[in-house]
Amino acid sequence: MGSVEFRGFGWRHAGRKAWAVRGLDLRIEHGERVLLQGASGAGKSTLLAALAGLLAEDSGEQEGEVLVDGRPAREARAGTAIVFQDPQTQLVMRRAGDDVAFGLENRGVPRAEIWPAVDAALAAVGFPYGRDRDTSALSGGEQQRLAIAGAIALRPGLLLLDEPTANLDPEGARLVRTAVTKALADLDATMVLVEHRVEEALALVDRAVVIGEHPDAVWAPGAALPARKAAAAPGGPLLRAQGLVLPHTGTVVDEEVLAGQALAVEGPNGAGKTTLALLLGGLARPAGGRVSAAAELAGRDAARPPHRWRAGRLAGRIGSVFQNPEHQFVTATVREELALCGASPAAVDELLERLYLDKLALANPFTLSGGEQRRLSVATALAAAPRVLVLDEPTFGQDLRTWRELVTLLADLRDEGRALVLVTHDPQLVDAIGDRRLELTR
């Protein structure tokens with residue numbers, strides 16, 4: 001199993017005027033490993049969803065056909081496994097082992113074979129815990145490894161991977177690429193991989209297919225990247241972490257967030273980077289230690305820590321971009337999402353154009369691609385013009401063109417005197433605008 005064919009395929013999401021993808025003719029033979037590329041929003045994730053038989057007839061309009069082994073993809077779902085950009089959409093059980101076993105049980109695999117398959121899949125992706133680990137206690141990258149383990153355990157004939165290493169630390173990404181290579185050799189399966197970074201995917205694939213417009217958006221090895229270190233010395237501290245304890249790891253952080261400086265927070269999955277972002281952003285109460293704000297940032301709340309500020313004041317002083325951007329969307333359209341933050345119509349238009357969201361102004365935020373959602377989440381944080389920006393994986397899901405624009409935009413804000421906290425696994429982002437590094441360990 002595993003041959004794939006698109007015949008004049010097109011898909012338009014419900015409520016959209018523009019087609020996500022249209023007029024696609026593509027054939028992938030059994031056993032091929034194909035890298036699917038294109039600009040952010042070109043329809044790559046839509047194609048994977050179509051191959052997995054997950055595009056519901058009432059959720060949009062389809063043209064043409066998508067076939068797996070000559071059958072409509074919806075009829076071939078039993079032999080297909082998919083890993084989405086957001087692993088939380090796939091985790092359904094409380095314990096890690098049960099989550100991997102879930103798909104095997106649904107396929108009717110004999111009980112005696114289930115747990116050996118679960119253990120082998122967890123080991124293959126380098127999952128650092130046992131079967132009993134609570135899935136809600138996992139970092140985003142650890143959740144991604146668990147989702148990949150669940151897909152591999154099914155021994156599919158067609159494996160679909162949507163940026164499977166985007167949220168992983170370098171070692172975790174290496175383990176996943178090794179696991180995918182091993183699984184494909186063992187399974188003799190077809191693979192379709194969506195990945196913006198060509199260099200990281202070359203060893204996994206036989207050929208690459210580029211869809212849509214903007215060929216300049218494709219990440220090619222040796223692509224020229226901006227380097228925008230701070231042009232001036234930083235100002236004073238706007239935030240201070242003093243004896244701040246990170247749960248799960250027990251790491252104690254003493255750090256200052258300076259005006260006019262980009263602080264890059266790095267470290268392996270599970271080290272507490274996202275937790276630190278929530279604490280610095282005033283979105284979580286410290287379990288130990290404290291976060292304090294300078295008077296020029298806190299204003300009338302100078303005597304209170306950020307987590308005790310009112311929501312409106314917090315958003316206007318410290319802007320946060322979550323690891324999962326859809327968690328912060330509350331309106332029906334992209335434009336409304338930005339206007340809700342208090343930005344003027346002119347400021348909204350500028351953000352939409354600069355972040356390549358202008359053609360999506362009337363789209364529902366939840367129908368955007370992962371990369372588009374990430375840019376919208378950054379735009380909503382910027383709309384309130386805060387002095388401090390705390391961004392968790394701000395370059396996730398970006399093609400080369402949008403990555404460059406995001407980096408330039410963030411560098412401009414830093415050089416205007418704003419403080420940036422960049423939680424990231426993206427070494428190019430750190431090289432481009434990271435002025436100082438904080439390395440967390442697990």
Side-chain angles (χ1 to χ4, degrees), residues 87-88 96 125-129 133-146 165-176 234 237-258 261-293 305-307 318-325 327 374 377 381 388-396 410 414 419-442:
Q88 288 188 350
V125 299
F127 189 70
Y129 311 108
R133 183 69 172 185
D134 189 332
T135 55
S136 66
L138 299 176
S139 70
E142 290 165 345
Q143 290 177 341
Q144 188 69 298
R145 276 191 245 179
L146 185 61
T165 63
N167 280 328
L168 299 182
D169 58 62
E171 176 60 16
R174 186 192 65 79
L175 286 169
V176 166
L238 296 178
L239 287 176
R240 283 191 178 94
Q242 297 168 295
L244 193 62
V245 178
L246 303 183
H248 305 304
T249 66
T251 300
V252 177
V253 176
D254 290 286
E255 195 62 58
E256 293 182 333
V257 178
L258 305 180
Q261 186 179 80
L263 172 65
V265 180
E266 301 176 281
N269 295 115
K273 300 185 300 300
T274 291
T275 299
L276 178 60
L278 294 174
L279 291 168
L280 291 176
L283 300 173
R285 180 177 182 173
R290 63 194 297 261
V291 175
S292 60
H307 75 271
I318 306 175
S320 290
V321 173
F322 300 160
Q323 189 177 70
N324 301 105
H327 290 177
R374 170 59 71 215
S377 66
V388 178
L389 282 164
V390 181
L391 306 107
D392 197 343
E393 300 290 358
T395 54
F396 167 80
L410 293 175
R414 185 267 321 276
L420 306 182
V421 178
L422 308 172
V423 173
T424 185
H425 289 306
D426 183 350
Q428 282 102 346
L429 174 64
V430 178
D431 290 342
I433 63 172
D435 303 309
R436 191 160 54 89
R437 301 185 182 195
L438 171 61
E439 183 79 23
L440 298 182
T441 58
R442 187 166 57 196

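What you see is a predicted model; the values in this text were computed from it and never measured.
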Would you say the side-chain atoms of [X] pair up with the backbone N or O of [Y], donor to acceptor, closer than 3.5 Å?
X: R414; Y: I433; answer: yes
X: R374; Y: Q323; answer: yes
X: K273; Y: G267; answer: yes
X: R285; Y: H307; answer: no

Grab the two heavy atoms, one from [X] and one from [Y], that are nearest each other, plus how far apart they are.
X: E142; Y: A137; result: OE1-O, 4.4 Å
X: A419; Y: V257; result: CB-CG1, 3.6 Å
X: A271; Y: T249; result: O-CG2, 3.7 Å
X: L263; Y: E256; result: CD2-O, 4.3 Å
X: I318; Y: P306; result: CD1-CB, 4.1 Å
X: T135; Y: Q143; result: O-NE2, 3.6 Å

Taking side chain as C-beta onward, heavy atoms only, is [X] less than 4.5 Å from [Y]?
X: R133; Y: P128; result: no
X: V245; Y: V252; result: yes
X: S377; Y: V321; result: yes
X: P234; Y: D435; result: no

Next on the checklist: Under 4.0 Å between a side-chain nitrogen and a carboxylate oxygen: does that hold for E255 and R436?
Outcome noted: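 Looking at R436 together with E255, the answer is yes, because their closest N to O distance falls below 4.0 Å.
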
Item to check | salt_bridge(R174, E171) N-O dist < 4.0 Å | outcome: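 Yes, charged N to carboxylate O under 4.0 Å.
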
Next on the checklist: Could you walk me through whether L276 and T251 satisfy the side-chain contact (heavy atoms from CB on, under 4.5 Å) test, starting with their C-alpha distance in whole Å, then the side-chain angles of each, then the deciding distance to 0.1 Å, before giving a yes or no?
Outcome noted: CA-CA 10 Å; L276 178 60; T251 300; over 6 Å; no

Taking atom [atom1] of [X] and atom [atom2] of [Y], what is their separation to the nearest 0.5 Å?
X: R240; Y: L258; atom1: CZ; atom2: CG; answer: 9.0 Å
X: L246; Y: L279; atom1: CG; atom2: CG; answer: 6.5 Å
X: Q242; Y: D254; atom1: CD; atom2: CG; answer: 7.5 Å
X: Y129; Y: L146; atom1: OH; atom2: CG; answer: 11.5 Å
X: L420; Y: Q261; atom1: CG; atom2: CD; answer: 9.5 Å
X: Q144; Y: L138; atom1: CD; atom2: CG; answer: 12.0 Å

Item to check | Audit row: L410, L391, side-chain contact (heavy atoms from CB on, under 4.5 Å) steps and yes/no | outcome: CA-CA 10 Å; L410 293 175; L391 306 107; 4.1 Å; yes

Item to check | Short side-chain donor-acceptor distance under 3.5 Å, D134 and S136 | outcome: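 Short answer, yes.
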
Item to check | Step-by-step side-chain contact (heavy atoms from CB on, under 4.5 Å) determination, L422 to V430 | outcome: CA-CA 8 Å; L422 308 172; V430 178; over 6 Å; no

Checklist entry - Could you go step by step and tell me if Q428 and T395 meet the side-chain contact (heavy atoms from CB on, under 4.5 Å) rule? => result CA-CA 10 Å; Q428 282 102 346; T395 54; over 6 Å; no

